[in-house]
Structure formats: structure tokens, C-alpha cells
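Have a look at the structure below before the remarks.
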Amino acid sequence: MTYVVQAGATIRQLLAAVPRSLPLDPLENRILLCHALGVSRVALITQSERALTDDEAARLDALVQRRLGGEPIAYIVGEREFFGLPFRVGPGVLIPRPDTELIVELSLERLPPGGRLLDMGTGSGAIAVACAHSRRDASVTALDLSEEALAIARANAAANGVTVRFLQSDWFSAVKHEGFELIASNPPYIAAGDEHLSQGDLRFEPVGALTDHADGLSALRTIIAGAPDHLTPGGWLLLEHGYDQAEAVRGLLAARGFLDVQSWRDLAGIERVSGGRIS
Ligand code: GLN
């Protein structure tokens with residue numbers, strides 16, 4: 001890369017559209033500048049005539065180079081907002097997507113007062129922590145196979161001031177004899193060989209959180225098969241899935257005896273979550 005951040009340039013000069021100085025899109029330029037200088041977004045305006053020191057320019061330059069190399073901005077700054085809360089993220093967990101706020105909203109609507117919620121494959125803890133934050137009455141359990149993910153998820157629960165029980169578990173193995181009023185999951189659902197795995201942010205995310213290394217439905221099948229043994233009467237199972245999997249997931253739910261089987265659309269109008277309740 002030939003791009004170099006010049007020391008002595010001011011914040012205003014670096015963010016100017018003409019002549020264009022930083023090479024990323026305007027939002028990303030601001031995020032990396034804040035991170036390099038350790039200042040808030042407001043400071044970019046109130047301190048616009050501040051000139052970068054040699055150290056600051058070198059720091060910003062390194063961040064810009066990483067982004068130009070394709071690294072997700074959330075990993076570079078180590079944080080992503082989800083459901084209005086800050087989440088620490090790193091290469092050991094999937095970056096929380098706005099699409100996933102849908103399963104949080106559906107879970108919050110369906111969890112009875114004082115209910116027990118299980119988040120399977122919690123990753124950064126996004127679903128569990130967001131639910132626990134909105135529902136102080138709930139008792140939230142979150143599991144993941146990855147110890148690295150659980151460490152990040154625990155930190156996110158603590159940073160957001162919520163109590164979540166975290167378990168290292170291969171799907172239901174650590175909750176064998178437990179019942180929940182609601183089970184939610186955003187499992188790996190991308191099929192092996194899907195071209196999206198080699199594009200954009202996904203290239204840098206943990207492959208085990210994205211794909212089942214099979215047809216994309218195997219984790220969803222495992223959860224659907226086991227969930228009735230872990231749901232209390234009337235309990236709901238809610239599953240996030242890929243843009244073209246809603247019909248298949250509804251079929252699996254109906255075949256396992258779930259009632260009220262349906263799918264819900266995300267903000268892009270795509271059927272993103274399917275679920276049902278047991279009798
Ligand atoms: N929603 C993610 C994506 O398509 C995939 C998440 C997952 O596999 N659970 O980028």
C-alpha cells in the first residue's frame with residue numbers, strides 16, 4: 001500500500017472531502033481517527049484544528065492499512081454496537097449484525113415474566129446480553145463450544161451490567177436435564193463452499209461460527225431435534241437462518257411437532273428468523 005498519513009495534518013484536513021485525504025469511506029475515516037487519537041466523535045468537530053503528532057499519524061496509518069487490507073472495522077476497533085449496547089468483539093467471535101436484533105425482539109415479546117431463556121452458540125453474547133439487559137426478571141443462560149467466545153461473552157455481560165450464566169457446551173450437552181421457556185439461536189448456517197465465505201468481513205470471522213461445513217442446515221437440525229426435550233409447555237424455539245432457508249426450517253419445525261410455525265422478516269424484508277412453540 002502506498003497510502004501514508006502525514007504527521008502535522010489537522011483533523012479537519014484529514015476528514016475533508018476535497019482534497020480527499022483519508023482513503024476510506026467518510027464514516028470509517030471518522031471511526032479510525034477517533035480510535036487512533038483516543039477521542040470521541042464530538043472531539044473531531046470541537047478539536048478540528050488539532051494537528052496529528054508523529055505518533056498519532058503512525059497509529060492512524062497502521063489502522064488505515066489494516067482496513068485497506070480488508071480487516072473488518074469492528075475487529076480493528078474491537079467493538080460493535082448491538083441493540084443499543086456496546087459489545088467487545090475480536091476474531092474469536094462473529095461480529096453482531098443488525099439483522100440479529102430481530103431474534104432479540106421476538107424473544108423479548110415471547111419470554112414470560114421470570115422466564116428462563118437459553119441462547120445456543122452465543123458468540124460475543126449479543127442475544128443473551130441484549131435480552132438480559134431488557135429483561136431484568138429473566139434468567140438467561142448462554143452456551144458456546146468455544147472458550148474464546150465465552151471469555152468475550154462474559155466480558156460483554158459484565159461491561160453491560162447483566163447477569164448471564166455461561167456454559168461451555170456442545171449444543172445441549174451441558175443442559176441435559178434443564179427446561180427453558182424460550183430457546184433462541186443464531187447458529188452457523190452458511191453452506192460449505194458458499195461464495196460469501198470468501199467475501200468481505202466473513203473472510204476474517206471464525207469459520208466455525210459461520211458454516212456447518214455441510215448443507216448449512218445441520219446445526220439448525222440438531223437444535224430443532226433437541227429443543228422439545230428442553231422446552232417447558234408452550235415454550236418457543238426461535239432460530240436465525242440464511243436468506244433462502246426459511247421454508248426448510250419451517251418444514252423441520254413442523255416435522256418435529258412444533259405449533260404456530262412461522263417466519264419473520266428482517267429490515268431488508270428477508271425471512272430471517274423462523275420458530276414455533278411446543279404444546
Ligand atoms: N448472518 C451472517 C452472514 O450471513 C451469518 C451468521 C451465521 O452463520 N450465523 O453474514
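In listed order, ligands and their atoms are each counted from 1.
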| query | salt bridge (Lys or Arg N to Asp or Glu O under 4.0 Å) between Arg80 and Glu205: does it pass, once the steps are laid out? | reply | CA-CA 14 Å; Arg80 172 55 50 91; Glu205 294 184 291; over 6 Å; no
| said: Using a plain distance cutoff, I'd like to know if Asp99 has any nitrogen or oxygen under 3.5 Å from a nitrogen or oxygen of ligand 1. | reply: no
| request: Ignoring angles and geometry beyond distance, decide whether Ile190 reaches within less than 3.5 Å of ligand 1 through its nitrogen or oxygen atoms. | output: no
| message | According to salt bridge (charged side-chain N to carboxylate O under 4.0 Å, His left out), does anything in residues 144-167 pair up with another residue at least two apart or in another chain? List the pairs. | response | Arg165-Glu178
| Asn156 side chain to Ala126 main-chain N or O, any donor-acceptor pair under 3.5 Å? | no
| Given the rule in the salt bridge (Lys or Arg N to Asp or Glu O under 4.0 Å) test, do Arg97 and Asp201 qualify, once you have shown the distances and angles that lead to the verdict? | CA-CA 11 Å; Arg97 311 285 203 269; Asp201 286 3; over 6 Å; no
| field | Nearest-contact summary for atom 8 (O) of ligand 1 - protein heavy atom, Å | value | Leu210 O, 3.1 Å
| message | Among Ala219, Gly208, Pro187, which one puts a heavy atom closest to atom 9 (N) of ligand 1? | response | Pro187
| field | Side-chain heavy atoms of Asn186 within contact of Ile103, under 4.5 Å | value | no
| Can you list the ligand 1 atoms lying under 4.0 Å from a non-hydrogen atom of Leu94? | 6 (C)
| task | Report yes if some heavy atom in the side chain of Leu217 is under 4.5 Å from a heavy atom in the side chain of Val249; otherwise report no. | result | yes
| message | With side-chain contact (heavy atoms from CB on, under 4.5 Å) as the test, pick out the partner of Arg30 among Leu15, Leu14, Ile11. | response | Leu15
| Measuring from the heavy atoms of Gly121, does anything fall under 4.0 Å of ligand 1? | no
| request: Looking only at protein heavy atoms, identify the closest one to atom 3 (C) of ligand 1 and say how far it is in Å. | output: Arg97 NH2, 3.8 Å
| message | Checking the N or O distance criterion of under 3.5 Å, is ligand 1 in contact with Arg272? | response | no
| note | Taking only non-hydrogen atoms of Ala209 and a 4.0 Å limit, the atoms of ligand 1 in range are 7 (C), 8 (O), 9 (N)
| query | In the protein, which heavy atom is nearest to atom 5 (C) of ligand 1, and how far is it? | reply | Tyr189 OH, 3.6 Å
